[in-house]
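This report refers to the structure that appears directly beneath it.
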Number of protein chains: 2
Amino acid sequence: MSGRRRGPSTTRQELLDAAREVFADRGDSATTREIAGKAGVDPAMIAHYFGSKGGLFDVVTSLSVDPADVVAPVLEASPDDAARELLTTLIGVWDSHSSMLAALLRTATRNKTLAAQMRTFILDRGIRPVVIRFSPDPSEVETRAALMATQVAGLVLARYVLRWEPIASAEPAWVVEHIAPAVQRYLIGPLE
Amino acid sequence: MSGRRRGPSTTRQELLDAAREVFADRGDSATTREIAGKAGVDPAMIAHYFGSKGGLFDVVTSLSVDPADVVAPVLEASPDDAARELLTTLIGVWDSHSSMLAALLRTATRNKTLAAQMRTFILDRGIRPVVIRFSPDPSEVETRAALMATQVAGLVLARYVLRWEPIASAEPAWVVEHIAPAVQRYLIGPLE
DNA sequence: GACGGAATTCATCACGTGGTGAATTATGAG
DNA sequence: CTCATAATTCACCACGTGATGAATTCCGTC
């Protein structure tokens, strides 16, 4: 039957929830029909509330925090704890936005715009400020940041996208303790 | 005009070349029309030579070597050089199959079957044998292998898929020298 | 309780997808 | 030279996609 449903409308929120799941699974190649299906609603509601599938993707994917803000407290840490602090912070944020992160990376692998945005996200605004703070030799900043990005990106890929065990289900603290040394070395250890 | 072209047919090979490029760019969401277009040929030739788009993808993507074979010589290295040898070997192979690797990972992010295959590829057949050889404490093998996989997967993502500079264009030796220490620590260093 | 506006579904569209089969042309073996 | 066979294009199909607009039903306000 067409026509408005009885009671207060929860459709917009249920679309967001469903979209988060489905986008996290398939990236933006997810289907409006599948999202709407999971939300128990007609696909036309997506256009109604979000203009288009892309609009919905943007909303789902931009509930994001600016990494620069998040990472700011790390700049106050002692040099010995810098990597640990950085990872704790990043994992904290990402664990609570894991479906957004998965959707972003899944899509970024085939979308240059989004790939650039993700590079900025992780490398420019997340990692480089920390490098500049703790290892300010200008001739080394790019190298150190890139190497750190490599390790961090691999963590994201394994934990949130490919969901490799035991990384995917490990406690945040466990992940931090095991990976921080590598990051710490890239940050202030010897280069090569 | 329809009908056979004059001269010997290079179509099959040109389809393979075009497909390697396009699949590397977009993963298997690439279009038969685009591949055929780049090859200067009608899309129907894909079905003719490879049965289906999936068949073409499989062929392009399975020119691959078994990592277990490739990695075998690493098992002879001295413990101090193990990570360096492993990375040198892997990068050597991957640099010469980089489009295949990019296509695989781009697709694996949205395809559970392929994701599992890739996990086997990198972790089970590439990394774990090396861990068992150099760090055979059974209670630690899984952890060490997973941590190494994290770093290696990040390298693949940055160098071949997202093409982050300076990682993407760096000389193999440069990459090995800078990343080997982290891998080496995961392999035989202290855990946490 | 009447009525404007919001919510919802439905039928439908235009389009891009991969795939198929017939028609056409060149090749190469006998 | 002949003719089976392979190579190639073309027209076309069935299908799934995202989107649109009208029709229907409910909500809230006056």
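Chain letters run A, B, ... following the sequence lines, proteins first and then strands; every chain starts at 1.
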Sugar-phosphate only, base, or nothing, as touched by B:Phe50 at under 4.0 Å among non-hydrogen atoms: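 Here B:Phe50 touches no strand at all.
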
Can you name the side chain to side chain donor-acceptor pair (under 3.5 Å) partners of [X], sequence neighbours left out?
X	answer
B:Ser169	B:Glu165
A:Arg5	none
A:Lys112	none

Distance check needed: [N] [atom2] versus [X] [atom1], whole Å only.
X	N	atom1	atom2	value
A:Phe57	D:dG18	CZ	P	13 Å
A:Met45	D:dG18	CE	C1'	16 Å
A:His48	D:dT24	NE2	C1'	14 Å

Salt bridge (charged side-chain N to carboxylate O under 4.0 Å, His left out) partners of residues 92-108 of chain A, not counting sequence neighbours, each pair once: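 Of all non-adjacent pairs touching residues 92-108 of chain A, those that pass salt bridge (charged side-chain N to carboxylate O under 4.0 Å, His left out) are A:Asp95-A:Arg159.
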
Qualifying salt bridge (charged side-chain N to carboxylate O under 4.0 Å, His left out) pairs with a residue from residues 173-191 of chain A, counting only residues at least two apart or across chains: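 For residues 173-191 of chain A, and leaving out neighbouring residues, the salt bridge (charged side-chain N to carboxylate O under 4.0 Å, His left out) pairs sorted by first residue read A:Arg84-A:Glu177.
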
Return all side-chain donor-acceptor pairs below 3.5 angstrom for residues 44-56 of chain A, not counting sequence neighbours, or 'none' if the list is empty.
{"unit_1": "A:Ser52", "atom_1": "OG", "unit_2": "A:Gly54", "atom_2": "N", "d": "3.3"}
{"unit_1": "A:Ser52", "atom_1": "OG", "unit_2": "A:Gly55", "atom_2": "N", "d": "3.2"}
{"unit_1": "A:Lys53", "atom_1": "NZ", "unit_2": "A:Asp28", "atom_2": "O", "d": "2.7"}
{"unit_1": "A:Lys53", "atom_1": "NZ", "unit_2": "A:Ala30", "atom_2": "O", "d": "2.8"}

Between [atom1] of [X] and [atom2] of [Y], what distance do you get to the nearest 0.5 Å?
X	Y	atom1	atom2	result
A:Trp94	A:Ser99	CH2	OG	14.5 Å
A:Leu114	A:Leu104	CG	CG	5.5 Å
A:Ile179	B:Thr150	CD1	OG1	4.5 Å
A:Thr107	A:Gln117	OG1	CD	10.5 Å

For chain A, the stretch of DNA chain C it reaches, first to last nucleotide, under 4.0 Å of its heavy atoms: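 From 5' to 3', the first and last contacting nucleotides are C:dG5 to C:dC10.
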
Pairwise 5' ranking along DNA chain C for A:Gly40 and B:Gly54, keeping only the more 5' one: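 Upstream on the strand: A:Gly40.
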
Partner set under salt bridge (Lys or Arg N to Asp or Glu O under 4.0 Å) for A:Arg119, not counting sequence neighbours: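 Salt bridge (Lys or Arg N to Asp or Glu O under 4.0 Å) list for A:Arg119, sorted by chain: empty.
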
Contact residues, residues 2-15 of chain B to DNA chain D [heavy atom, < 4.0 Å]: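 Result for residues 2-15 of chain B: B:Ser2, B:Gly3, B:Arg4, B:Arg5, B:Ser9, B:Thr11, sorted by number.
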
Strand contacts (DNA chain C) in residues 19-29 of chain B, 4.0 angstrom heavy-atom criterion: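 Hits under 4.0 Å, by residue number: none.
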
Any B:Tyr49 side-chain nitrogen or oxygen under 4.0 Å from OP1 or OP2 of D:dA6: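 Negative; the distance criterion is not met.
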
Return a table of donor-acceptor pairs under 3.5 angstrom between the side chains of residues 139-149 of chain B and protein atoms on other chains or two or more places apart.
{"unit_1": "B:Ser139", "atom_1": "OG", "unit_2": "B:Asp137", "atom_2": "OD1", "d": "2.8"}
{"unit_1": "B:Glu140", "atom_1": "OE1", "unit_2": "B:Arg144", "atom_2": "NE", "d": "3.1"}
{"unit_1": "B:Glu140", "atom_1": "OE1", "unit_2": "B:Arg144", "atom_2": "NH2", "d": "2.9"}
{"unit_1": "B:Glu142", "atom_1": "OE1", "unit_2": "B:Arg128", "atom_2": "NH2", "d": "3.3"}
{"unit_1": "B:Glu142", "atom_1": "OE2", "unit_2": "B:Arg128", "atom_2": "NE", "d": "2.8"}
{"unit_1": "B:Glu142", "atom_1": "OE2", "unit_2": "B:Arg128", "atom_2": "NH2", "d": "3.3"}
{"unit_1": "B:Arg144", "atom_1": "NE", "unit_2": "B:Ser135", "atom_2": "OG", "d": "3.0"}
{"unit_1": "B:Arg144", "atom_1": "NH1", "unit_2": "B:Tyr186", "atom_2": "O", "d": "2.9"}
{"unit_1": "B:Arg144", "atom_1": "NH1", "unit_2": "B:Leu187", "atom_2": "O", "d": "3.3"}
{"unit_1": "B:Arg144", "atom_1": "NH1", "unit_2": "B:Gly189", "atom_2": "O", "d": "2.9"}
{"unit_1": "B:Arg144", "atom_1": "NH2", "unit_2": "B:Gly189", "atom_2": "O", "d": "3.0"}

Per-nucleotide protein contact string for nucleotides 11-17 of chain D, where B marks a base within reach and S marks sugar-phosphate only (heavy atoms under 4.0 Å, - for neither): ------B

Trace of the salt bridge (Lys or Arg N to Asp or Glu O under 4.0 Å) decision for B:Glu14 with B:Lys38: CA-CA 9 Å; B:Glu14 282 181 69; B:Lys38 180 158 276 177; over 6 Å; no

